[in-house]
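Heads up: the structure comes next, in structure tokens.
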Amino acid sequence: MMTKGNLLYEGKAKKIFLTEKDDEVIQYFKDDATAFNAQKRGTILEKGVVNNKISSTLFPYLAEAGIPSHFIQQLNDREMLTRRVKIIPVEVVVRNRATGSIVKRLGLEEGLIIDPPLIEFFYKDDSLGDPLITEDHIRLLKLATPSQLEELRRQALKINEVLQPFFQKRGMMLVDFKLEFGLWNGQIILADEISPDTCRFWDIQTGERMDKDRFRKDLGRIEETYQEVLKRVCG
Ligand code: TMP
């Protein structure tokens, strides 16, 4: 039995609790949803359960493909046990199709195929609104060394290579996604979550949005869509 200790940190979608082991924490998934740097807030019923179960399936799947992560085990519906990492404050976004912020920023056509995939870095800082940053900015801010940055890029592209066919088999196009990494024993490992909150999926048959864009853009059928993703990934 893993006993839950004090709250270490509360983010917008998750809480992190200490455990009796210094180097392990419990990640608790909430139903709270935010968009546009928390200007829009709401609840997606059972989202925490869905995101915990999906992440608890994808992390071991990636580990088998040689991508280490913070994941140790799923504890219950809303909690997973993870290694305690020091999060690198750089959000790594991988894009296979143009949508979302890149369409607004660069005026690309919605749905444009991006091949080879594009990597973007965002500075994980809510007070600044998570701005897009360049590798030179990352060096200036000392967020990561050039070799760590290369490692982030390498792992992100490999994760894309593994996850694209995984979702394709389940009738879903992996359009784009956001990753966070942490330092653990001097190593860079994948952290945070991989879920419909942090990825965009388009149904291959219908083109329907199957992710948090349903909440961001008020597309309706939000809960049903999260359940459908869960069914396709874990069912
Ligand atoms: P973007 O098009 O808004 O930049 O989003 C790119 C990807 O990153 C998309 O899959 C959604 C995900 N994402 C997050 O996980 N957290 C965020 O705060 C934002 C803005 C995007």
Side-chain angles (χ1 to χ4, degrees), residues 9-14 27 29-42 44 47-48 50-52 54-55 58-59 62 69-70 87-114 117-134 137-138 143 152-153 155-157 159-164 166-168 172-182 190-203 207-219 222 225-226 229 233:
Y9 173 81
E10 178 158 8
K12 287 177 285 197
K14 294 189 291 298
Q27 193 162 252
F29 289 74
K30 304 191 282 186
D31 285 350
D32 300 352
T34 63
F36 317 116
N37 203 24
Q39 289 180 73
K40 175 172 180 160
R41 290 172 182 275
I44 301 175
K47 170 172 84 77
V50 171
N51 288 357
N52 185 34
I54 291 174
S55 295
L58 294 178
F59 284 134
L62 287 167
S69 81
H70 68 162
I87 290 286
I88 298 169
V90 174
E91 300 190 342
V92 183
V93 168
V94 181
R95 299 185 189 273
N96 297 306
R97 295 265 186 162
T99 191
S101 70
I102 198 172
V103 165
K104 286 201 185 124
R105 200 184 319 118
L106 302 181
L108 298 180
E109 182 197 340
E110 175 77 14
L112 177 80
I113 294 171
I114 301 176
L118 179 74
I119 304 257
E120 290 177 340
F121 300 110
F122 293 83
Y123 184 19
K124 184 174 159 65
D125 185 319
D126 284 338
S127 65
L128 298 174
D130 296 346
L132 178 77
I133 49 175
T134 68
H137 292 142
I138 292 174
L143 305 179
L152 294 183
R153 189 184 280 284
Q155 288 199 32
L157 288 173
I159 291 163
N160 190 42
E161 289 294 310
V162 174
L163 292 187
Q164 265 189 315
F166 177 93
F167 286 108
Q168 187 167 9
M172 298 153 76
M173 185 194 297
L174 179 59
V175 171
D176 60 27
F177 56 97
K178 183 266 299 180
L179 302 168
E180 294 183 26
F181 294 87
L190 179 62
D192 194 48
E193 65 178 284
I194 304 180
S195 72
D197 272 17
T198 63
C199 303
R200 286 196 180 97
F201 306 114
W202 293 353
D203 185 280
E208 265 220 291
R209 287 1 185 205
M210 301 184 69
D211 54 66
K212 199 172 148 190
D213 269 357
R214 302 203 74 84
F215 169 79
R216 295 189 187 98
K217 300 174 160 189
D218 297 315
L219 300 178
I222 302 174
T225 302
Y226 273 72
V229 176
V233 171

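Just so it is clear, the values below take in all heavy atoms, side chains as well, and ignore hydrogens, waters and symmetry mates. Atoms within each ligand, like the ligands themselves, are counted from 1 in listed order. Values in this document were obtained by computation on a predicted structure and should not be read as measured data.
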Practice item. Using modelled atom types only, decide if a donor and an acceptor are shared between the side chain of Asn51 and the backbone of Ser195 within a distance under 3.5 Å. Key: no

Starting from the N and O atoms of ligand 1, find every protein N or O within less than 3.5 Å and list the pair with its distance.
from	atom 1	to	atom 2	distance (Å)
ligand 1	2 (O)	Arg95	NH1	3.1
ligand 1	2 (O)	Arg95	NH2	3.4
ligand 1	2 (O)	Ser101	N	2.8
ligand 1	2 (O)	Ser101	OG	3.4
ligand 1	2 (O)	Arg200	NH1	3.0
ligand 1	2 (O)	Arg200	NH2	3.4
ligand 1	4 (O)	Arg95	NH2	2.9
ligand 1	4 (O)	Ser101	OG	2.6
ligand 1	10 (O)	Asp176	O	3.4
ligand 1	10 (O)	Asp176	OD1	2.5

Exercise. Any side-chain heavy atom of Met173 sitting closer than 4.5 Å to one from Gln168?
Worked result: no

Less than 4.5 Å apart, any side-chain heavy atom of Val175 and any of Asp211? no

**OP:** Measure from the ring center of Phe121 to the ring center of His137 and say whether it is less than 6.0 Å.
**Re:** no

Residue pairs passing the salt bridge (Lys or Arg N to Asp or Glu O under 4.0 Å) test with at least one member in residues 97-110, sequence neighbours excluded, are Arg105-Glu120, Glu110-Arg209

All heavy atoms of Arg95 vs all of Phe122, minimum pair found to be NH2-CZ, 4.0 Å

